[in-house]
Amino acid sequence: MQFNKTLMTAALLTVGGFAAVSANAETAGSTFEVGMTVQKLCTVTTAGNISLNPTATNVNATAKSTTFNVACSQGTPYSITMSPTSGTSDSGAGVLTGAGHTAEDERKLAYTLSDTAGGAVWDATYKTGMLGAGFEAAATPYTVFVNLTADSRNAKPDTYTDTVAVSVGY
């Protein structure tokens with residue numbers, strides 16, 4: 001019985017000691033910050049190529065179009081420039097050059113770019129000050145027309161091409 005009393009006393013003192021330690025425990029702590037930097041971003045996707053159809057009765061081929069899409073971070077201001085490889089930078093005008101071109105025969109057909117058939121030329125100042133809607137929204141579609149400004153009725157048989165670079169500054 002003496003052993004049980006001693007055991008019981010030791011158990012009570014131990015439990016009481018743990019309670020005393022728990023009640024007087026100290027804590028240490030720190031904090032940390034959670035953050036993220038969202039950088040402005042724009043993407044451009046283009047549709048298909050444009051193929052003009054010459055006519056025997058009209059000075060110019062019928063204007064044709066394609067669409068490209070621009071998506072930018074929400075609230076990001078952006079501007080669009082189109083530069084034909086053959087034209088003056090940001091002029092919105094270019095020249096289709098024949099594959100069989102030689103210096104002697106000058107197989108070239110001039111054209112302009114616009115947002116409507118026969119509309120104002122899409123130059124460096126044409127599409128500025130747009131604001132991105134963010135990437136949860138659908139990309140903004142833009143239509144571009146190619147308007148032939150050269151008389152194609154007397155063009156030599158050939159395949160005439162040029163490349164247009166679409167740039168989005170943001």
Side-chain angles (χ1 to χ4, degrees), residues 27-101 106-170:
T27 61
S30 182
T31 62
F32 62 92
E33 188 175 295
V34 176
M36 180 173 81
T37 300
V38 177
Q39 297 180 353
K40 59 184 178 177
L41 173 68
C42 289
T43 61
V44 180
T45 56
T46 56
N49 297 329
I50 298 174
S51 181
L52 298 170
N53 300 321
T55 67
T57 58
N58 294 328
V59 173
N60 300 327
T62 303
K64 294 282 183 112
S65 67
T66 191
T67 302
F68 62 93
N69 299 301
V70 176
C72 290
S73 305
Q74 187 171 15
T76 299
Y78 66 93
S79 60
I80 301 169
T81 303
M82 285 191 282
S83 299
T85 302
S86 65
T88 305
S89 180
D90 306 333
S91 69
V95 178
L96 299 172
T97 303
H101 167 73
E106 292 296 316
R107 293 182 188 200
K108 296 182 178 186
L109 296 169
Y111 70 91
T112 59
L113 303 168
S114 64
D115 66 347
T116 61
V121 175
W122 190 323
D123 60 14
T125 60
Y126 196 68
K127 294 289 182 191
T128 59
M130 280 75 67
L131 292 177
F135 292 101
E136 284 188 8
T140 303
Y142 293 94
T143 301
V144 59
F145 283 83
V146 173
N147 302 288
L148 200 61
T149 58
D151 190 341
S152 65
R153 293 177 294 175
N154 295 319
K156 292 182 180 179
D158 204 341
T159 300
Y160 295 82
T161 60
D162 192 21
T163 300
V164 176
V166 178
S167 315
V168 175
Y170 58 96

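- When all heavy atoms of T143 and S65 are compared, the closest pair comes out as CG2-CB, 3.7 Å.
- In this pair, Y78 and Y142 present their aromatic rings perpendicular. The plane angle is above 60°, beyond the 30 to 60° band.
- Of all non-hydrogen atoms in S51 and K64, the two that sit nearest each other are O-CG, 3.6 Å.
- Scanning both residues, T76 and Y170, for their nearest heavy atoms gives CG2-CB, 3.8 Å.
- With a 4.5 Å cut-off on side-chain heavy atoms, P77 and L131 count as touching.
- Formation of a donor-acceptor pair under 3.5 Å by the D158 side chain with backbone atoms of A99 is found in this model.
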Let's go through L41 and S73 carefully: what are the C-alpha distance in whole Å and the side-chain angles of both, what is the deciding distance for side chain to side chain contact (heavy atoms under 4.5 Å, CB included) to 0.1 Å, and is it a yes or a no? CA-CA 5 Å; L41 173 68; S73 305; 3.8 Å; yes

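- With rounding to the nearest 0.5 angstrom, the NZ atom of K108 is 11.5 Å from the OH atom of Y160.
- Closest heavy-atom contact between T149 and Y111: OG1-N, 3.6 Å.
- Residues F68 and M82 come closest through the heavy atom pair CE2-SD, 4.2 Å.
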Report the C-alpha separation of I80 and V70 in whole Å, then their side-chain angles, then the decisive distance to 0.1 Å, and conclude whether the side chain to side chain contact (heavy atoms under 4.5 Å, CB included) test is met. CA-CA 9 Å; I80 301 169; V70 176; 4.1 Å; yes

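- Note: L96 CG to L148 CG = 6.5 Å, rounded to the nearest 0.5 Å.
- Not one N or O on the side chain of S79 forms a donor-acceptor pair closer than 3.5 Å with the backbone of T128.
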Are T66 and N49 close enough, and set up right, to give a side chain to side chain contact (heavy atoms under 4.5 Å, CB included), and what steps lead you there? CA-CA 7 Å; T66 191; N49 297 329; over 6 Å; no

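- Rounding to the nearest 0.5 angstrom, the gap separating the CH2 atom in W122 from the CG atom in L113 is 9.0 Å.
- In plain terms, the two heavy atoms of D162 and P84 that are nearest each other are OD2-CB, 3.4 Å.
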